[in-house]
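Comments concern the structure below.
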Amino acid sequence: MNSKRTALVRDTLIGGKESVKVQTMYDDRISDIDPEIVVKKINDLSLMGCDIIRFSYVSSQDGDNFRYITSHSPIPVVADIHFDYRLAMEAMDNGADKIRINPGNIGDKWKTKMVVEKAKDMGKAIRIGLNTGSLPKHGKDDDVVELMVNTALEYISDFEAWGFENTVVSLKSSDIDKTMRAARLFKEKSDYPFHLGVTEAGNAITSAVRSTWALGKLLEEGIGDTIRVSINGSIEDEVLCANEILRTLGLKKGGVRIVACPRCGRHTFDSHGFLSRIEHRLLTLNKDITVAVMGCSVNGPGEAHGADFAVTGNGRKIFVYSHGDLIKSLDSVEEAEKELFKLIEP
């Protein structure tokens, strides 16, 4: 089971018996972006299965754009703060639903207390976020995992002394073993909602492998209330990978499921190019369907019969199927795309 406690982030509950929530983090500085374009992107991410989005709030120059984003975002928005407690206070005034801080790099305890008291007054949540690379000074022989867990527990104790319990905790490392040990040890000692992630996990391939191994095992053990797959790549890939982990474990249902062949020398249809062409549109559909994209006649018809909708190559033609029935034989990818979405979105 997940944590016994819950945390409320805007209207999203984390922990308790709630489903595991998917998070990502925006990859540009707030002051450098067009907030209207960002909100449109957040809408797409929400349709893809993202539940919460985080931004680095690095200066007061971020304020205007951040305020627009928080007031228009369909999902809760988190401000990631380091070093300057005043930015945390400002971000809450500008609509942040949750603040992510490492109290250790905020400085004097009174500064953290001010942030916590403001969050309490405004009904905001706080994530205590610690990484093995951002802990209090320690010797080389110290167990960094124990230090990280004990440090988080000290911060929680401070928060509770200040009357604040709307807290989520994350303990991350780029080392899979340390990440897993920290998660297990923390959950032995605390029932606060816990955010899972392997930090700095690399590109889409290495991150997917490392995160699936570590986070999949922890989720199977009932550890984890939110999840982020950190990728040195697109945030869309982060959301898709996190959701696929949850679906594979049976922790999430619904959404568009894509079946696509890796392609080989038998292909008569560029399944790679066609999938790239339609994938974003597919994954932002609010539908519980399976779509197959296949390159040739060997496995194509079989997969088509097992999918709700399918496109497959067969000789010089492109066949489009609906629920196993051949609907049309077409000559171009443009025609195939148009026919496919005509069937999916009549």
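All figures in this text were calculated on a predicted structure; none of them were measured in a lab. Nothing fancy with the numbering, it's 1 onward along the sequence. Side chains are part of it too, since the values below use all heavy atoms of this structure and drop only hydrogens, waters and symmetry mates.
- Contact record, Ala183 with Leu196: CB-CD2, 4.3 Å, taken as the closest heavy-atom pair.
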| Taking it one step at a time, do Leu130 and Thr151 satisfy side-chain contact (heavy atoms from CB on, under 4.5 Å)? | CA-CA 9 Å; Leu130 304 181; Thr151 300; 4.0 Å; yes
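- In this structure, the side chain of Thr179 engages the main chain of Asp175 through a donor-acceptor pair within 3.5 Å.
- No donor-acceptor pair under 3.5 Å is formed between the side chain of Ser46 and the backbone N or O of Ile42.
- Nearest heavy-atom pair, Glu339 versus Ile327, reported as atom, atom and distance to 0.1 Å: OE2-CG2, 3.7 Å.
- Side chain of Thr248 to main chain of Glu244: a donor-acceptor pair is present (N/O by atom type, distance under 3.5 Å, no hydrogens or angles).
- For the pair Met25 and Ser56, the minimum side-chain heavy-atom distance is below 4.5 Å.
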| request: Carefully, step by step, assess Thr112 and Phe159 under the rule side-chain contact (heavy atoms from CB on, under 4.5 Å). | output: CA-CA 9 Å; Thr112 299; Phe159 283 23; 3.9 Å; yes
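- Rounded to the nearest 0.5 angstrom, Leu343 CG and His323 NE2 are separated by 8.5 Å.
- How far OG1 of Thr24 is from CD1 of Ile227: 11.5 Å, rounded to the nearest 0.5 Å.
- For the pair Asp288 and Lys253, the salt-bridge criterion is not met [side-chain N within less than 4.0 Å of a carboxylate O].
- Arg247 places a side-chain N or O within donor-acceptor distance of the main-chain N or O of Gly254, the cut-off being under 3.5 Å.
- Residues Glu337 and Lys342 are not paired through a salt bridge, judged by the lack of any N-O separation under 4.0 Å between the basic side chain and the carboxylate.
- Taking a cutoff of 4.0 Å between a charged side-chain nitrogen and a carboxylate oxygen, Lys118 and Asp93 qualify as a salt bridge.
- Checked by atom type and distance alone, the side chain of Asn65 pairs as donor or acceptor with a backbone atom of Ile30 at under 3.5 Å.
- Contact annotation: the side chain of Ile258 approaches that of Leu283 to within less than 4.5 Å [non-hydrogen atoms, C-beta and beyond].
- Side-chain atoms of Glu335 come within 3.5 Å of backbone N or O of Asp331 as a donor-acceptor pair.
- Geometric assessment of Arg54 against the ring of Tyr26 yields a negative cation-pi assignment under the 6.0 Å and 45° thresholds.
- Heavy-atom minimum distance, Ala336 versus Val311: CB-CG1, 4.4 Å.
- Side-chain contact annotation: Ser173 with Arg181, donor-acceptor N/O pair under 3.5 Å absent.
- Between Ser31 and Arg29, the side chains place a donor N or O and an acceptor N or O closer than 3.5 Å (distance only, hydrogens not considered).
- Formation of a donor-acceptor pair under 3.5 Å by the Arg257 side chain with backbone atoms of Ile289 is not found in this model.
- Distance check, rounded to the nearest 0.5 Å: OG of Ser157 to CG of Asn150 gives 12.0 Å.
- In summary, the side chains of His195 and Ser170 do not present any donor paired with an acceptor at a separation below 3.5 Å, with no hydrogens or angles considered.
- Residues Thr6 and Ile14 have side chains not in contact (no heavy-atom distance under 4.5 Å, counting atoms from C-beta outward).
- The shortest distance between side-chain heavy atoms of Asp80 and His82 falls below 4.5 Å.
- Interatomic distance, NZ of Lys287 versus CD of Glu345, reported as 6.5 Å (0.5 Å rounding).
- Ion pairing of Asp44 with Lys41 is absent here, as no side-chain N (NZ or NE/NH1/NH2) approaches a carboxylate O to less than 4.0 Å.
- Across all their heavy atoms, Pro76 and Val9 have their closest contact at CG-O, 3.5 Å.
- A salt bridge links Arg5 with Glu160; the closest basic N to acidic carboxylate O contact falls under 4.0 Å.
- Between the Asp97 side chain and the Val77 main chain, a donor and an acceptor come within less than 3.5 Å of each other.
- Between Val144 and Lys178 the shortest side-chain heavy-atom distance falls below 4.5 Å.
- With values rounded to the nearest 0.5 angstrom, Ile126 atom CD1 is found 10.5 Å from Lys98 atom NZ.
- One distance of note links CD1 of Ile53 with OG1 of Thr70; it measures 12.5 Å at 0.5 Å rounding.
- Proximity of the aromatic rings of Phe194 and Phe186 is defined here by a centroid distance below 6.0 angstrom, and this criterion is met.
- When only modelled atom types and interatomic distance are considered, Asn203 and Thr206 share a side-chain donor-acceptor pair under 3.5 Å.
- Remark: the Asn166 side chain and the Lys124 side chain contain no N/O donor-acceptor pair separated by less than 3.5 Å.
- For the pair Leu171 and Ala152, the tightest heavy-atom approach, listed with the atom from each and the gap, is CD2-CB, 3.9 Å.
- The closest side-chain heavy-atom distance from Ile245 to Leu251 is not below 4.5 Å.
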| request: Assess whether side chain to side chain donor-acceptor pair (under 3.5 Å) is satisfied between Asp108 and Tyr85, documenting all intermediate values. | output: CA-CA 10 Å; Asp108 296 331; Tyr85 78 100; over 6 Å; no
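- Lys4 places no side-chain N or O within donor-acceptor distance of the main-chain N or O of Tyr192, the cut-off being under 3.5 Å.
- The shortest side-chain heavy-atom distance between Tyr57 and Glu90 falls under the 4.5 Å cut-off.
- Contact record, Gly49 with Lys252: O-NZ, 3.3 Å, taken as the closest heavy-atom pair.
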